[in-house]
K.L.:
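Questions regarding the structure given below will be posed in turn.
As a basis for the values below, the full set of heavy atoms in this structure was taken, side chains included, without hydrogen atoms, waters or symmetry mates. We count ligands from 1, going down the list as the structure has it; atoms in each ligand are counted the same way.
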Amino acid sequence: MSTKPGAGQTALITGASAGIGVDLAACFATGGYDLILAARSENALAEVAERLMKTHGVKVTPIAADLGVPDAGAKLAAEIARRGLTVDVLVNNAGFGQTGAYAETPIAPQLGMVDLNVRVLVELTHIYWKGMLQKKRGGILNVASTAAFQPGPLMSIYYASKAFVLSFTEALWEEARGTGVKVSCLCPGPTESKFHGRAGTDKTRLSKAAKPMTSMAVARKGYEGFLRNRRVVVTGVSNKALIAVTRLTPRSALLRIVRALQSEA
Ligand SMILES: NC(=O)c1ccc[n+]([C@@H]2O[C@H](COP(=O)([O-])OP(=O)(O)OC[C@H]3O[C@@H](n4cnc5c(N)ncnc54)[C@H](OP(=O)(O)O)[C@@H]3O)[C@@H](O)[C@H]2O)c1
């Protein structure tokens, strides 16, 4: 019998067509988990699925879905059930950001961030959480950001959405204490992926100042932290140091610093 941590379990990973999600999928496949991969890009998902099946010999089911629309979580779960699949581990990774002053940014992407980064994460978690607690196994890995640790002038909704994810995930970690269900919040700092192109953060002082980590290095930390039931996983020494400084900095000063970092260089 396989001694891999994921033997006999299936992980649902959202946002697994690009970036950190693809590498999280590879990490869970290495751990012997069967996978369900969800995102909008059907072809990219199919490629990832084929590669991981060949390399790791696990079962991988790609399901193309827009998760940023109402009832997206319920529809995805219904499709998963229709295919006779179950979810032991839920990785809520799909997300996007958009930079800009709140007054100058249209409402559609602002609400879009709430829908994808928060709403569907809450919905999917609610669908699978009780079953995890009943079975006393599996768990949730939510992807937040170092943005979760302070408000983000000029990227306000993105930062707030990630603060929600961090707060929610830490609360669930406590609710799961002693049950055998694992809960982790992965908080990456700047990471190489398509995120910055979509977010428009390429020109900010933050993006010029910080050296991004690779998406695989970030995914590995998240996966390993999840296996150890680490409540919060901040990636990289400099990101950890920055968060320590954040905690000691008065809020008014912090707001000015973040505003400067989110401004164009
Ligand atoms: N990159 C960074 O610097 C960084 C830092 C901190 C936190 N994060 C967080 O890490 C997570 C992954 O981001 P990433 O850097 O890997 O970005 P990415 O390369 O842009 O990947 C985002 C993933 O989310 C999926 N996605 C986007 N909109 C979707 C929708 N409406 N429905 C379903 N799937 C959708 C994308 O697939 P489709 O386009 O195919 O739908 C893609 O698979 C996000 O939650 C992000 O906030 C990133």
Side-chain angles (χ1 to χ4, degrees), residues 12-27 35-49 62-73 75-76 79 91-99 108-109 111-121 123-124 141-150 152 155 157-166 168-169 185-202 204 206-219 221-222 232-236 238-239 242-243 261-262:
L12 164 60
I13 302 178
T14 69
S17 65
I20 298 167
V22 171
D23 292 322
L24 279 168
C27 290
L35 303 174
I36 303 166
L37 308 180
R40 293 168 302 176
S41 309
E42 201 168 354
N43 292 343
L45 275 184
E47 276 170 33
V48 176
I63 302 181
D66 184 350
L67 299 176
V69 295
D71 300 326
K75 281 183 193 144
L76 176 60
E79 180 58 24
V91 182
N92 285 304
N93 162 76
F96 80 99
Q98 172 126 13
T99 186
L111 290 176
M113 277 182 270
V114 175
D115 286 341
L116 186 64
N117 302 1
V118 174
R119 188 185 165 94
V120 77
L121 175 148
E123 189 184 10
L124 284 171
L141 172 59
N142 285 337
V143 181
S145 165
T146 49
F149 293 87
Q150 66 280 299
M155 207 172 175
I157 298 296
Y158 179 72
Y159 277 61
S161 73
K162 294 303 183 178
F164 180 101
V165 174
L166 176 61
F168 175 54
T169 312
C185 191
L186 172 61
C187 297
T191 305
E192 289 165 3
S193 77
K194 292 181 178 165
F195 175 89
H196 300 281
R198 187 171 181 192
T201 45
D202 290 335
T204 63
L206 179 61
S207 72
K208 306 273 180 216
K211 188 176 179 304
M213 287 177 70
T214 66
S215 52
M216 181 49 97
V218 166
K221 290 279 175 209
V232 180
V233 179
V234 176
T235 58
S238 55
N239 291 323
L242 268 178
I243 283 161
L261 287 171
Q262 288 298 346

K.L.:
So, is L116 polar-close to ligand 1, with some N/O to N/O distance under 3.5 Å?
P.N.:
no
K.L.:
Which residue from N93, V218, I20 reaches closest to atom 11 (C) of ligand 1 through any of its heavy atoms?
P.N.:
N93
K.L.:
Side-chain contact test, heavy atoms from C-beta onward, threshold under 4.5 Å: evaluate it for Y158 versus Q98 and give yes or no.
P.N.:
no
K.L.:
Look at ligand 1 and say whether G112 reaches it with a heavy atom at a distance under 4.0 Å.
P.N.:
no
K.L.:
Measure from the side-chain N and O atoms of S17 to the backbone N and O of A44, and report whether any donor-acceptor pair falls under 3.5 Å.
P.N.:
no
K.L.:
What I want to know is whether K194 and ligand 1 share at least one N or O pair that is separated by under 3.5 angstrom.
P.N.:
yes
K.L.:
Is there a nitrogen or oxygen of S145 sitting under 3.5 Å from a nitrogen or oxygen of ligand 1?
P.N.:
no
K.L.:
Which of the listed options, S161, A39, G189, holds the heavy atom that is closest to atom 4 (C) of ligand 1?
P.N.:
G189
K.L.:
Can you see whether N239 engages T146 through a side-chain donor-acceptor pair at a distance of less than 3.5 angstrom?
P.N.:
no
K.L.:
Of the choices A72, S41, S193, P190, which has the non-hydrogen atom that lies closest to atom 40 (O) of ligand 1?
P.N.:
S41
K.L.:
Under the 3.5 angstrom rule, does the side chain of T214 hit a backbone N or O of A217 as a donor-acceptor pair?
P.N.:
yes
K.L.:
Of all the atoms in ligand 1, which lie at a distance below 4.0 Å from a heavy atom belonging to S17?
P.N.:
36 (C), 37 (O), 38 (P), 40 (O), 42 (C), 43 (O)
K.L.:
Could you tell me, atom by atom, which parts of ligand 1 come under 4.0 Å of a heavy atom of D66?
P.N.:
30 (C), 31 (N), 32 (N)
K.L.:
Side-chain contact, heavy-atom cut-off 4.5 Å: P62 with V48?
P.N.:
no
K.L.:
Identify the protein heavy atom lying closest to atom 24 (O) of ligand 1, giving its residue, its atom name and the separation to 0.1 Å.
P.N.:
G15 CA, 3.5 Å
K.L.:
At under 4.0 Å between heavy atoms, is it the side chain or the backbone of E192 that contacts ligand 1, or both, or neither?
P.N.:
neither
K.L.:
Hey, which atoms in ligand 1 end up nearer than 4.0 Å to a heavy atom of R198?
P.N.:
27 (C), 28 (N)
K.L.:
Please confirm whether A65 approaches ligand 1 to less than 4.0 Å, judged on its heavy atoms.
P.N.:
yes
K.L.:
What part of A44, side chain, backbone, both or neither, has a heavy atom within less than 4.0 angstrom of ligand 1?
P.N.:
neither
K.L.:
Compare every heavy atom of K162 with every heavy atom of V143, then report the nearest pair and how far apart it is.
P.N.:
O-NZ, 3.1 Å
K.L.:
Return yes if some donor-acceptor pair links the side-chain N/O of N117 with the main-chain N/O of F96 below 3.5 Å, else return no.
P.N.:
yes
K.L.:
Indicate yes or no for a side-chain donor-acceptor contact from N142 to the backbone of V165 under 3.5 Å, with no hydrogens or angles considered.
P.N.:
no
K.L.:
Of the backbone atoms (N, CA, C, O) and the side-chain heavy atoms from C-beta on, which set of A38 has a member under 4.0 Å from an atom of ligand 1: side chain, backbone, both, or neither?
P.N.:
neither
K.L.:
Which ligand 1 atoms does G19 reach within 4.0 Å, using its non-hydrogen atoms?
P.N.:
16 (O), 19 (O)
K.L.:
For V143, counting its heavy atoms only, list the atoms of ligand 1 lying under 4.0 Å from any of them.
P.N.:
9 (C), 10 (O), 11 (C)
K.L.:
For A16, take its heavy atoms, then give the atoms of ligand 1 lying under 4.0 Å from any of them.
P.N.:
43 (O)
